[in-house]
Amino acid sequence: MLPQVLKKGDLGAWIEALGKTWKVAAPVLKETSVSDRTDAKFGWEWVVDPAEVRLDYTVTVLGPKKFLWPSRQTVLAYALAGEPNPQAVIEHEPQVLLGVHPCDITAIATLDAAFGKDVPDPHYLARRKDTAIVGLDCAAPCDESCFCLDMGSLHPESGYDIMLTPHRDRYFVEVKTDLGQQLLAGARLQPATKQDMQGRQAFTEEQRGNFHYQLPCEVKYLPEILDASYDSLVWEAIARRCFSCGSCNTVCPTCYCWDVADQIAVDLTKGCRVRRYDSCQLDPFAEVAGGENFRKDRSSRLRHRMFRKGKYILEQTGRAGCVGCGRCERACIAGISIKETFVQIAGSR
Amino acid sequence: MAKPVLMFDSLSCCEGCGLQVLNCETDLLPILEKADIGRFREASDGDVDHYNVAFVEGSIVTPHDIERIQEIRAKTDLLVALGACATHGGVNFLKNFQDPDDVAKYVYGDKRAWFPHVAARPLKAEVRVDAEIPGCPINPREFLEAATCLLTGKPFKLPNYPVCVPCKLADNVCLWHKGAACLGVVTRAGCDPYLCPSAGHKCIGCRGLVDKPNTQAAKDVMAEFGLTVDDILREFRLFQGIYKEVAQEA
Amino acid sequence: MTQVSIDIAAGARAPSPYVPRMARILAAEQMTETERFFRLQAEGEAMRYEPGQFVEVMVFGIGEAPISICSSPTQGEAFELSVRSVGVVTNRLKEFKAGDRVGIRGPFGNHFDYAAMKGQDVLFVAGGLGLAPTRSLIRYVMDKRKDFGKVTILFGAREPKWLLFRSEVEAWQKRGDVDVHVTVDRGDASWKGNVGVITRLFSKVAIDAPRTWAVIVGPPVMFKFAVLEALAEGIPEHRIICSLERHMKCGVGKCGHCQIRGIYVCREGPVFTYEQVKRLREGI
Amino acid sequence: MAKASNTLDVRVDYVTRVEGHGNIVARVEDGELVECRMEITESPRFFEAMLRGRSWKDTMFLTTRICGICACGHGTASLKATEDAMGLKLSEQTLRLRKIVLHAEQLQSHWLHVYFLVAPDFFGAPSVIPMAKTHTDVVLRAMRLKKLANYICEVLVGRHVHPITMVPGGYMKLPGVRTLKELRAHIAGHEADVWATVDLFATLKMPEFSRQTEYESLRDPTEYAFYGGDLVTSDGDKAAPRDYKDIIHESIVRHSSAKHVKNKREALMVGALARFNNNHTQLHPRAKEAARKLGLAAPCYNTFHNNTAQVVESVHCFYEVLRLLDELIGAGIQDEKPPLRWPTGKKGAGVGLTEVPRGTLVHHYEYDENGICTGANLVIPTNQNLANIEADFRAYVPQLIAEGRSQAEVAHALEMLVRAYDPCISCSVHLVMVK
Ligand SMILES: Cc1cc2nc3c(=O)[nH]c(=O)nc-3n(C[C@H](O)[C@H](O)[C@H](O)COP(=O)(O)OP(=O)(O)OC[C@H]3O[C@@H](n4cnc5c(N)ncnc54)[C@H](O)[C@@H]3O)c2cc1C
Ligand code: SF4
Ligand code: SF4
Ligand code: SF4
C-alpha cells in the first residue's frame, strides 16, 4: 500500500467516525485537579468528545492496560438459591485504543503471552481479540524515569494495527494489519508526498538523537545479573524504604497478578466471583494458612518484583516483564527505581 | 426460620455512620426483607429484648457510655463496631492527648464537676467486638458487604493493604508528588470509591493503620519531604492516636 | 528465551478455566477437631486424576481453596479430600455433609512419578496434614503393592488427637507388607506408641539408599530436618520428593500467588524433587 | 378521645427519630404544670478543647465530625472562620460551589427530616421502614431525592458525610464543565419529585398551636440567606458576624444539658421557620408558589410549620442549585488554586456564620502566628432552640390538657413537637451534658 498521512486537524473527524463502530479510548486531559503541580495530567479514558483527545500526551498513571485487564472483573456468576449453575462471565466489545505508546504496545504483547500460554485465559483474550490498537510513536523520552530503549520496547515489531508517527501538522500512517485498514475507512487520508517521506526520515533521526541507553548491559543479560545478585545486601538496603504499598505493581503495564473474592448480592440470591489486581509487594501475598509467609521480608518481596520484571517473565514468555515505561518509579513515594536498581546490581557484580 | 433481628445505636459521635447506612438507599430494602430492625433510634420508634446483630457507632467517653455498651453487649449475639469512633476512638481520641481536667475546664469552667468523662476509647476497650467497619464515616459499600456476610454467616474481612492501591487504580497522581503528606501509604484501604486522594485531598488516616506498616520508612520519607515530628504526629493523631507508634513519640 | 507465539483468537474461544463443575459429597466425617474427610463424586464425567494432584474446591458465595486429593485413582471413580479448617472456605466446609454439593475445578498440577519408582523401595515421611497428599501415593502403592519394593511409612503428628486416618494407618500396620511407624511430639495418658519428632523414626528403619525414593511431605520445619535425615541416609537429592503448599488462586499458572522464583507451583508442582526445591531457595 | 386527666407524668426516654439522645419530662399535678424539660443525655464531646493545637488545615476535618447530617454546613462555617482569620477573599467560583453544596445539604437534611422522621407520624407508622410496604411510591421518592442531594455533594466535595475537597480558600479538586453539565441535567430530572413532595405535604394537616417568639437568622441583602449575611432577629436586632455575641447570649442551665441561648426574650428560635419568617420575600418565585400551595404565610407562629417551611426551602434550594450551576457553566471553570500556606505571621480571631438546616451556626476560632488553633467557640442551632422548645412545652401542655388528651397522647404530641424542631442533639452536646 502507498504511504499515507493524516492531517492533525482531521484526527477529530476520524475519531468521530471510529466511534460509530468501536468504543474508543484515548489519552485526555484529566479534569482539573487544582493542586496538581506535576506533569501527569493525562489519563486514559473513554472518548466522549473527540476534541478532548490529546495525542501530545506524555505519561499517564495507568496505561491502556486497564481496558484489557480491568482492575475488577467478574469472571463467574452463579445462583445461591437452588441450582448454582456457575457460568463464566466473559465481557468484551469492539474497542480501539488510540494513541498507544510503543512501551505500552510491548507491554500488551507481554500480557498476551502470559494469558495465552499454557492454559489460555479467555476472559482476557476475548477482550484482546476485540481490541484494535493504534500506536503513537515517541520522538523523545517522556521523562527521565523511562528507559524503554534499553528494555527493547521503543520499536515493537508487531502488536499494533496502525502506527501513527507525528510530524509537524500531520501523522505519518503505517498500516500493519487488515483490521488497521478497516479502521481507516472513515479517515481523510492523503497520499504521502515526497516531503512527508522526508519528514518520516527526519523523525527517525530525531528519535535516534533523543533516546540514549541507560543500563550498562543488554536486557538479555539481566537474568544472569539478577541471579548473581540474589544474596546481595542491595535488596535489604533498597527495601528499607519500601512501604509495601503496592503502587508499583498497580501502575505497571505488565503486572497481572490477581486475587479473587466471592461476592454475595444484597438480596442473597446470587453470587459472583470477582478478580482484581493484586500486588506481590503486599505482605499477605505469599502467606498461607498457619501464618507461614514465604516472602515475609520487604526485601524478599522487592527482590521478587525485580526478578519477575527482569528475569522470570522473560524466561517464561521470551518477553521482558519490564518495558521501561518508568511508571513504577514515578508512582513510588520512596523513590525506588527499577532502572536504578538494575544499574546498581549490574555495577555491583 | 425467624428473621435475624438487627439493631443500630450510637454512643458519642456525629451519627454520620448511621446516616451512611441510610445512604445505602434502595440497597437496604432487600436486607430489610431478610431481617427485622429491633431498634434504630435515629430512624424508628421501638426496641426489643434481644438482637442478633447490633451495629454501634460512636466512642466511649463517659462512664454512662460504658454502661450502655455493656447493656447492648448483653442483649446481642454479635456486636459490630461502625466507624472510626467505635473502632479506633475516632476524633474523640484527640482529647486524650490533653490534660483531662484542663479539657473539662476549658469547656465547662467551674461547672466541670457536673460532667464526668473518661479517656476516649473504642468499643473493644470495654466489650468483645465481633466485627469492625472502620472509616470516618463508614463506606456504605462496606456496610452492605458486612451485612450480607453476617446474614449468610460468612466472615467479613477488611482489606489488608494500604489506600495507595485503590488510589493508583483510580488513576491518581500521588499527592506526595504534589507536596501533600498523604497518610494513605500506611492507612488501611477500603474507602474506595470515595477515597480522599481521588477528591484531591490527602488521606487523613480515618481507617487506621494497615497491618505491619513500615513506620521506619514513613519517618524517613516524611523527613525527606521536610516534615517535622510534630507535623507528622499532628497528622496521625487526628484519627490514629490509639496506636502505640503514634501515641508514644513526642 | 524464544518468544512464545500465541493464538489470541483460539484462546478467546477457549473454555474458561475458572468455571467449576459440581461434585456431590458421598461421605463426610470429622477426623480430628479441625480436619474433615470427604468422599466426593464429580457429576457428569468422572474425575480423572493422578496421585499428588489437587483440586480447587468451591463453596458458592464463599470462595475456593486448593485441596490435595488424598485418594488414589486405583480406588474408583470417587475421590477423597481431607480438609483442615483454617479460614473462610475451610471453616465453612466443616458444615458440609453427605448429599451436599460443592464446586470443583481441576485436577491441577503435576503428580508423583510412580512409574519411576516401580520396582524400587519407597520411604514415606508425612507430618500432620502432609499425610493427605502422601496418602494418594500410599494408596496407589498399596493397590499395586507387587510393583514396588520395600515400602516404609513414617508418620508423625503433634499429639495423638491430631493423627489423621488413624484406623487406616493401623490397618496398614497390620498388613505385614509395609513397615509403618507412628510418632507424636507429645503423648498423652492413652498413647503407647513412639514419642518424639519424626526424624527419630529414621533410626528404626533400614534404608537401602541406592534403591529408595523418599517422599517427604509436611510443615516446613519437619520437611527441612527430614530431608537432612534422608540425605544422611544417602538418598540422592533427585530421589527425595516433596509436595509444596503455596497460596493459590487460579490453579492454572496465572494469578502469581504460588510463584517461587520462576516456577508456578500450581503447574510445575506441587510435586518437586529436593534437587529442584534446593535450587529454588524460596522453596522451604 | 381519652378522658381528661388532672395529673400527668410524661417521660419519654430517648426521643426517637432525632439525631442524638434526649429525653422529655413533663409533670402536671392538679392541672398545674410543675415540671417540664427537654433533657439532653448525649455524652459531652469537647470539640472546643480538641480544636486547640490543630492546624488551620484540619480544623474543618475535625469540626465536620460534630455532626454527620450537617457536615457540609459545619465545614462551611469552619472554613469561613479560618478564612476570616487568614484574611482571605473568595472567588465568585468558589462562592458558587460552596453555596451549591450548602443548598444540597439543606435538601438532604430537609428531605430526610420530612420524609423519614416526620412523615411516619402522619401515616401512623413507627418509622419509614414499614412505609416501604404501605406507601412504596412515597418511600422510593424519598430515597430518590435524598440520593440526589447526596450525589450533588459527592460530585462537588467528594461525599456528603464529611466533605473532602473544600479547604480554606477554595477546592483541592474542581469539577470540569462536562461534569457540571451532566450534574445539572441529572438534577433537573427530579423536578417532578420536588413538586410531588409539596403536594404530599399540602395534604398533611399540622397540629394547631401558636406561640410567638423571637426568630433569629442571617440576612443577606442580595439573596435568601444561607451562606452569609448579618445576624438579625424578628424583633429588629442586628449584628455583624463578628458581633454575634450581641444577640446570642449563652447560659448554662442546671437542669438542661446543652447551653441555652436567648436574646431579649426568654427564648428564641432558629431554623427553617425563622428564616422563612425573616426572609420570605427573597425566596425563589417557585418557592413562594410552593408556600402558597402549602398554606404557609409569614409570620407564622406555629412551630409545627417548621416542617412546612422546610418543604418550602427545599423548593427554593432546588431551583437555586440549578441557577448556580448555570452560572458556573456559563462562566467556565477557572483553575484556581487554594493557598497551601498560612499567611506569614498572621494571628488572631476568625468568625464564620452560616445557615445550616437547623438554623444559624457559629464557628469562632483563635489562631496563633503559625496557623495553630489556640481557642474556639461554637454555637449550634439546636442549642439555640432548646430554651424555645421548653417555652413551647409550657404553652402546649396546658392546651393539650384543655383538649382532654391522655398521658400517652400528650407524650406523643410533645415528641412530635420536639421532632418539628429537627433537633440535632449530637451537635448540641459538643458543650455540655445534663446530670
Ligand atoms: C497444592 C495445595 C494442596 C493443599 N492441600 C490441602 C489439603 O489437602 N487439605 C487442607 O486442609 N489444606 C490443603 N491446602 C491448604 C488450603 O488450600 C488452605 O488452607 C486454604 O486455601 C485456606 O483457605 P480458607 O479460605 O479456608 O482460608 P482463608 O480464610 O482464605 O485464609 C486463611 C489463611 O490461609 C491463607 N490462604 C488463603 N488462601 C490460600 C490458598 N489458596 N492456599 C494456601 N493458603 C491460603 C491465607 O493467607 C491465610 O493465612 C493445600 C494447599 C495447596 C496449595
Ligand atoms: S511503590 Fe515503592 S514503596 Fe510502594 S511497594 Fe512499590 S517499591 Fe515499595
Ligand atoms: S516494571 Fe516499572 S518500568 Fe517496568 S514496565 Fe512495570 S512499571 Fe514500567
Ligand atoms: S495519594 Fe496517598 S493514597 Fe494515593 S498513592 Fe499517594 S500516598 Fe498513596
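Letters A, B, ... mirror the listed sequences (proteins, then strands); counts begin at 1. For clarity, every value in this text was computed on a predicted model and none was experimentally measured.
Of the possible donor and acceptor atoms, one in the side chain of C:Lys254 sits under 3.5 Å from a partner among the backbone N and O of A:Ala114. Of the possible polar contacts, one joining the C:His247 side chain to the A:Glu287 backbone as a donor-acceptor pair under 3.5 Å is found. A:Gln316 places a side-chain N or O within donor-acceptor distance of the main-chain N or O of C:Gly262, the cut-off being under 3.5 Å.
The shortest distance between side-chain heavy atoms of A:Asp227 and C:Arg261 falls below 4.5 Å. Using a 4.5 Å heavy-atom threshold, the side chains of A:Phe294 and C:Ile260 count as separate. The closest side-chain heavy-atom distance from C:Val252 to A:Asp118 is not below 4.5 Å. Residues A:Arg308 and C:Gln259 form a side-chain contact, since some pair of their non-hydrogen atoms from C-beta on lies under 4.5 Å apart. At a threshold of 4.5 Å between non-hydrogen side-chain atoms, the residues A:Leu76 and C:Pro20 count as touching. Side-chain contact check for C:Pro17 versus A:Pro122: some heavy-atom pair is nearer than 4.5 Å.
Residues A:Asp121 and C:Tyr18 bring a donor and an acceptor atom of their side chains to less than 3.5 Å of each other.
In terms of heavy-atom pairs under 4.5 Å with chain A, the best-connected choice from C:Gly253, C:Gly256, C:Gly103 is C:Gly256. No other option in A:Ile90, A:Val119, A:Asp130 has as many heavy-atom pairs under 4.5 Å with chain C as A:Val119. Each of A:Gly271, A:Ser300, A:Ala79, A:Ala126 has some count of heavy-atom pairs under 4.5 Å with chain C, and the biggest count is that of A:Ala126.
Summarising the local packing, NZ of C:Lys278 is surrounded by 12 or fewer heavy atoms from other residues, nucleotides or ligands at distances under 6.0 Å. Atom OH of A:Tyr230 sits in a crowded spot, with more than 12 heavy atoms from other residues, nucleotides or ligands closer than 6.0 Å. Heavy-atom neighbours of C:Phe225 CZ from other residues, nucleotides or ligands within 6.0 Å: at or below the threshold of 12. Surrounding CG of A:Asn85 are more than 12 heavy atoms belonging to other residues, nucleotides or ligands, all under 6.0 Å away. Heavy-atom neighbours of C:Arg39 CZ from other residues, nucleotides or ligands within 6.0 Å: at or below the threshold of 12.
Looking at C:Cys250, both its backbone and its side chain come within 4.5 Å of chain A, counting heavy atoms on both sides. For a residue to count as touching a neighbouring chain, one of its non-hydrogen atoms must lie under 4.5 Å from one of that chain's; by this rule A:Asp278 touches chain C with the side chain only. Only the side chain of C:Val86 comes within contact range of chain A, with heavy atoms under 4.5 Å apart. Contact annotation for C:Pro15: only backbone heavy atoms (N, CA, C, O) come within less than 4.5 Å of a heavy atom of chain A. Only the side chain of A:Arg295 comes within contact range of chain C, with heavy atoms under 4.5 Å apart. Within the 4.5 angstrom heavy-atom criterion, only side-chain atoms of C:Arg267, from C-beta onward, approach chain A. For a residue to count as touching a neighbouring chain, one of its non-hydrogen atoms must lie under 4.5 Å from one of that chain's; by this rule A:Phe307 touches chain C with the side chain only. Both the backbone and the side chain of A:Phe115 come within contact range of chain C, each with at least one heavy atom under 4.5 Å from a heavy atom of that chain. In this structure, the portion of A:Pro84 lying under 4.5 Å from any heavy atom of chain C is its side chain and not its backbone. Interface remark: C:Arg101 contributes side-chain atoms only to the contact with chain A (heavy atom separation under 4.5 Å). At a 4.5 Å heavy-atom cutoff, the contact between A:Asp231 and chain C is made by side-chain atoms alone. In this structure, the portion of C:Met58 lying under 4.5 Å from any heavy atom of chain A is its side chain and not its backbone. With a 4.5 angstrom heavy-atom cutoff, A:Ala113 touches chain C via backbone and side-chain atoms both.
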Please list every donor-acceptor pair under 3.5 Å in which a side-chain atom of residues 257-266 of chain A meets a protein atom from a residue at least two apart or in another chain.
residue, atom, partner, partner atom, Å
A:Asp262, OD1, A:Arg273, NE, 3.0
A:Asp262, OD1, A:Arg273, NH2, 2.6
A:Asp262, OD2, A:Tyr78, OH, 2.5

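For C:His257 and A:Phe285, the ring centers sit closer than 6.0 Å to each other.
Taken from CG in A:Leu111 to CD1 in C:Ile6, the straight-line distance is 11.5 Å, to the nearest 0.5 Å. One distance of note links NZ of A:Lys129 with CD1 of C:Ile8; it measures 10.0 Å at 0.5 Å rounding.
Across every non-hydrogen atom of A:Pro86 and C:Val19, the tightest pair is O-CG1, 3.7 Å.
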Would C:Met22 and A:Glu83 count as a side-chain contact (heavy atoms from CB on, under 4.5 Å) here? Give the steps.
CA-CA 10 Å; C:Met22 302 302 295; A:Glu83 184 62 37; 4.2 Å; yes

